[in-house]
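What you see is a predicted model, and the numbers here were worked out from it, not measured in a lab.
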Amino acid sequence: LSSATIYPGSDVEMFRRDGAGVPDDCVGMVYRLDGDKVDKRAIDVFVHVVKRRPRSRALVVGGGPLLSHYRAIVAAAGIEDAVTLPGYVAYEDLRTFYERMSVFIAPVHHESFGHVVPLAMSMGIPVAAYEVGALPEILEDASVLAPPADAEALADIVCSLLDDRDRRLELGAANRQRCVERFSVQAMADRYADVYQDLLARHDQGRVLQRA
């Protein structure tokens, strides 16, 4: 191997639905609200979705300096009853929040490799995102990507997914399979094993050549 990409492994056994029903009308995200990946505009897509679909609900999980701003924006939009912002939650409680999501939204301005997106994929949740950083590589589906910072375009994608349960279930199943194959702990371990086996083979071959 001249080069190899090894993704951080996600716990696909912990983050799975285990027979839990798939909800129809809740959008969500899980991020640190500190400006590193999301900014003040990240809440805009949730406002757009709920304004267009008053029956929809939004779940914005995470804490940080931006939390008070998001709460103020939600209040100003008059949608406080539709948007839940619980702040920080414990890692072991995250799955119960993911279980409530119909679509996971990644409205980020920067992304190297977002662990929260593979966790959503592991839960069998469709993901809609800005075309930023590693997200096109993680998702490998241009139909769920919007131009960076275009909240209305991202809301269009999200609303189309909410309107089409069959497509959401299909994308969710594909996401689960992709996560298991590419982003699971086992996949990570297998890729490291491949690299080490290749290095050992090259080392052994070099020793044989030296003796010859």
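Within the model, atoms SG of C26 and CZ of F104 stand 11.5 Å from one another, a figure rounded to the nearest 0.5 Å. Taking CZ of R32 as the start and CG of L67 as the end, the distance is 14.5 Å to the nearest 0.5 Å. Atom CG of L33 and atom CZ of R71 lie 9.5 Å apart (nearest 0.5 Å). Distance check: D11 CG to R95 CZ gives 10.0 Å after rounding to the nearest 0.5 Å. Atom CG of D150 sits about 11.5 Å away from atom CD of E131, to the nearest 0.5 Å. Residue I138 holds its CD1 atom at 8.0 Å from OH of Y7, rounded to the nearest 0.5 Å.
Clustering ILVMFWY residues whenever any of their side-chain heavy atoms sit less than 4.5 angstrom apart, transitively, puts M121 in a cluster other than the one holding M188. By the rule that hydrophobic residues join a cluster once side-chain heavy atoms approach within less than 4.5 Å of another member, Y91 and M123 end up as members of one cluster.
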Hey, mind stepping through V144 and L139 against side-chain contact (heavy atoms from CB on, under 4.5 Å) and telling me if it holds? CA-CA 8 Å; V144 297; L139 297 171; 4.2 Å; yes

Evaluate V103 against V127 for side-chain contact (heavy atoms from CB on, under 4.5 Å), listing each step before the verdict. CA-CA 6 Å; V103 178; V127 177; over 6 Å; no

Could you check V117 against Y31 for side-chain contact (heavy atoms from CB on, under 4.5 Å), going step by step and ending with a plain yes or no? CA-CA 10 Å; V117 170; Y31 279 104; 3.8 Å; yes

Go through D39 and V108 one step at a time and tell me if the side-chain contact (heavy atoms from CB on, under 4.5 Å) criterion holds. CA-CA 7 Å; D39 57 21; V108 297; over 6 Å; no

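Taking each heavy atom of D141 and L171 in turn, the nearest pair found is OD2-CD2, 3.5 Å. A pairwise comparison of heavy atoms in V116 and Y98 identifies O-OH, 2.9 Å as the closest pair. Across R178 and E140, no two heavy atoms sit closer than the pair NH1-OE1, 3.1 Å. L162 and S56 get closest at one heavy-atom pair: CD1-OG, 3.9 Å. Across every non-hydrogen atom of Y70 and A42, the tightest pair is OH-CB, 3.4 Å. The minimum heavy-atom distance linking L66 with K40 is given by the pair CD2-CG, 3.7 Å.
A distance-only check finds a donor-acceptor pair linking the side chain of Y88 to the backbone of G63 [under 3.5 Å]. In this structure, the side chain of H115 does not engage the main chain of G9 through any donor-acceptor pair within 3.5 Å. Put simply, the side chain of R168 gets close to the backbone of L161: a donor and an acceptor are under 3.5 Å apart. In this structure a side-chain-to-backbone donor-acceptor pair under 3.5 Å is present from R176 to V12. Between the side chain of R16 and the backbone N or O of S122 there is no donor-acceptor pair closer than 3.5 Å. Using modelled atom types, one side-chain atom of N175 and one backbone atom of I125 make a donor-acceptor pair closer than 3.5 Å. The closest donor-acceptor contact from the side chain of S102 to the backbone of P23 lies under 3.5 Å.
A salt bridge does not link D44 with K51: every distance from a Lys NZ or Arg NE/NH1/NH2 to an Asp or Glu carboxylate oxygen is 4.0 Å or more. The pair R17-E99 does not meet the salt-bridge criterion, since no charged nitrogen lies less than 4.0 angstrom from a carboxylate oxygen. Salt bridge status for D25 with R57: absent, with no side-chain N to carboxylate O gap under 4.0 Å.
Looking at heavy atoms from C-beta onward, R53 lies in side-chain contact with D163 at the 4.5 angstrom threshold. Side-chain atoms of V47 and V45, non-hydrogen and from C-beta on, never get closer than 4.5 Å to each other. Residues L119 and V30 form no side-chain contact, since every pair of their non-hydrogen atoms from C-beta on lies 4.5 Å or further apart. Between F15 and C179, the closest side-chain pair of non-hydrogen atoms is not below 4.5 Å. Between L59 and V61, the closest side-chain pair of non-hydrogen atoms falls below 4.5 Å. Using a 4.5 Å heavy-atom threshold, the side chains of L154 and P107 count as touching.
Ring orientation note: the planes of F113 and F183 are nearly perpendicular, at an angle over 60° on the 30°/60° scale.
Summarising the local packing, CZ of R41 is surrounded by 12 or fewer heavy atoms from other residues, nucleotides or ligands at distances under 6.0 Å.
With 3.5 Å as the limit, one finds no donor-acceptor pair spanning the side chains of Q197 and Y192. A donor and an acceptor atom, one from each side chain of R167 and S143, are located under 3.5 Å apart.
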Identify each donor-acceptor pair in which a side-chain atom of residues 73-85 lies under 3.5 Å from a protein atom, sequence neighbours left out, and give them as a table.
none

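In the hydrophobic clustering, L169 connects to V22, either directly or through intervening members, whenever side-chain heavy atoms lie under 4.5 Å apart.
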